[in-house]
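No experiment lies behind these values; they were computed from the predicted model shown.
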Amino acid sequence: MSPPTPRRRRALPVLTAALAALLYGLAPSAAADDGPADWTARPAGTGTGRDARPYVYLEGTPGTVLQDRLTVTNSGRAPLTVRLRGDGRAGGWIRFAEDTVTVPARTRADVPLALTVPPDAVPGDTSGEAVAIGGGEEIRVPVRVRTAGPTLAALTVEDVEISGGTIRYALVNRGNAMLRPRLAVRAEGVFGTLLDRPERPLPLELAPGRRAERTEPWPDAPALDAVTVRLRVTASGGARDEAEASATYLPVGPVVGGGLLLLGGLAVFASGAYRRRRRTGRAARRPPTVEAQPPVAIEPLLKAGAKT
């Protein structure tokens with residue numbers, strides 16, 4: 001057998017590496033079993049899909065201890081250890097039966113939790129989260145608590161500003177009830193209505209005391225007009241408020257052109273006045289003109305003197 005040619009010697013390492021990569025891809029990876037497992041955390045319950053509980057909801061009077069469960073499902077091929085804690089105002093009221101739970105492969109665990117409503121809690125809605133951390137991932141489950149008692153729904157719209165094709169504003173929940181605001185927008189110009197958007201729900205849930213900065217696009221804003229934009233917000237429970245802002249739209253091109261034209265006119269006027277002033281100055285410096293007088297006859301005057 002003849003020794004390999006130089007070209008074959010150069011190709012041999014490349015072929016060896018390609019074969020090793022192919023075998024590595026076909027072989028089952030042991031590291032895959034040690035990586036982050038597929039898992040979920042959600043409120044306990046038998047519902048799935050649309051019927052699943054979107055968040056933990058509890059209701060009680062101040063000082064009451066409320067109970068629920070959090071389901072951790074491990075669909076991976078290795079055991080999963082998850083740490084549990086609460087976050088946010090309502091999350092701080094939560095205590096889990098176990099702060100750390102290990103879930104076997106392809107198994108789920110229902111972890112009991114107890115939520116104590118503080119004795120001095122005011123009536124209304126409070127929000128928070130139950131946090132599960134495991135496998136290098138973090139899942140947050142919303143928690144909603146309603147403290148029994150009289151509730152007040154109060155909502156304000158503030159800091160309305162108009163900037164080009166964008167309307168900026170802020171919504172503030174001034175009451176003690178969870179609010180889902182609705183917004184209507186209307187804009188009036190010099191010659192009539194420019195924008196009229198009927199009331200629609202916003203993709204926002206506003207907890208008591210929370211403030212949300214939002215924007216409303218206005219892509220067809222006028223190029224030349226003086227406008228007043230009015231925002232009206234409502235929510236369940238009778239919450240309602242209005243606010244407005246004004247702005248003047250001026251096209252940049254015509255304004256610049258008009259300014260240049262005005263400056264040009266002023267320059268021409270000033271130049272003409274300067275020329276007239278120079279002519280007047282020269283006329284003032286010119287010596288006065290003396291008109292020639294006719295000669296006086298001296299001889300007749302001498303004869304008249306002799307006779308006298």
Side-chain angles (χ1 to χ4, degrees), residues 20-60 62-119 121 124-147 173 178-180 202-213:
L22 180 61
L23 294 176
Y24 179 82
L26 294 177
S29 175
D33 293 337
D34 298 333
D38 296 329
W39 63 282
T40 61
R42 61 180 180 82
T46 57
T48 58
R50 294 183 178 180
D51 297 331
R53 296 167 61 192
Y55 47 79
V56 174
Y57 179 80
L58 298 169
E59 184 174 350
T64 305
V65 178
L66 310 173
Q67 296 183 351
D68 207 321
R69 292 175 301 159
L70 190 71
T71 297
V72 179
T73 302
N74 178 15
S75 57
R77 294 180 290 179
L80 172 69
T81 299
V82 176
R83 292 183 292 110
L84 303 172
R85 64 178 177 87
D87 192 23
R89 185 177 178 186
W93 301 347
I94 296 176
R95 295 294 180 269
F96 291 95
E98 299 179 55
D99 292 335
T100 302
V101 58
T102 299
V103 186
R106 295 183 173 85
T107 307
R108 78 175 189 184
D110 291 340
V111 184
L113 63 88
L115 187 148
T116 303
V117 183
D125 297 327
T126 308
S127 61
E129 293 174 318
V131 184
I133 305 172
E137 299 178 1
E138 178 181 283
I139 297 179
R140 291 177 172 264
V141 180
V143 177
R144 303 286 185 264
V145 180
R146 170 158 290 185
T147 304
N173 187 341
M178 190 75 65
L179 299 179
R180 295 177 177 83
L202 296 176
L204 172 68
E205 190 175 49
L206 202 59
R210 295 293 299 274
R211 174 188 177 94
E213 305 282 347

**Report entry** D38 side chain to S75 backbone, donor-acceptor under 3.5 Å
**Finding:** no
Report task. Return yes if some donor-acceptor pair links the side-chain N/O of N74 with the main-chain N/O of P104 below 3.5 Å, else return no. Result -> yes
With rounding to the nearest 0.5 Å, note down the distance linking [atom1] in [X] to [atom2] in [Y].
| X | Y | atom1 | atom2 | value |
| --- | --- | --- | --- | --- |
| W39 | T81 | CH2 | OG1 | 11.0 Å |
| Q67 | T116 | CD | OG1 | 9.5 Å |
| E59 | L115 | CD | CG | 12.5 Å |
| L58 | T126 | CG | OG1 | 11.5 Å |
| R180 | L206 | CZ | CG | 11.0 Å |
| L179 | L202 | CG | CG | 11.5 Å |

Any idea which heavy atoms bring [X] and [Y] closest together, and the distance?
| X | Y | result |
| --- | --- | --- |
| P79 | T102 | CB-CG2, 4.3 Å |
| V117 | P62 | CG1-CA, 3.8 Å |
| P54 | P142 | O-CD, 3.9 Å |
| A41 | V141 | O-CG2, 3.5 Å |
| I133 | R85 | CD1-NE, 4.0 Å |
| A130 | L70 | CB-CD2, 4.5 Å |

Query - Derivation and outcome, side chain to side chain contact (heavy atoms under 4.5 Å, CB included), residues D125 and R144 - result: CA-CA 7 Å; D125 297 327; R144 303 286 185 264; over 6 Å; no
Query - Summary of salt bridge (Lys or Arg N to Asp or Glu O under 4.0 Å) pairs that have at least one residue in residues 87-111, sequence neighbours excluded - result: R69-D110, D87-R140
Requested in this report: Flag the pair D68 / R53 as yes when at least one side-chain heavy-atom distance between them is below 4.5 Å, and no otherwise.
Outcome: yes
**Report entry** Test side chain to side chain contact (heavy atoms under 4.5 Å, CB included) applied to T40 - qualifying residues, sequence neighbours left out
**Finding:** T73
**Report entry** Partner set under salt bridge (Lys or Arg N to Asp or Glu O under 4.0 Å) for R42, not counting sequence neighbours
**Finding:** none
Requested in this report: Give a yes or no on this: more than 12 heavy atoms of other residues, nucleotides or ligands lie within 6.0 Å of atom CZ of R211.
Outcome: yes
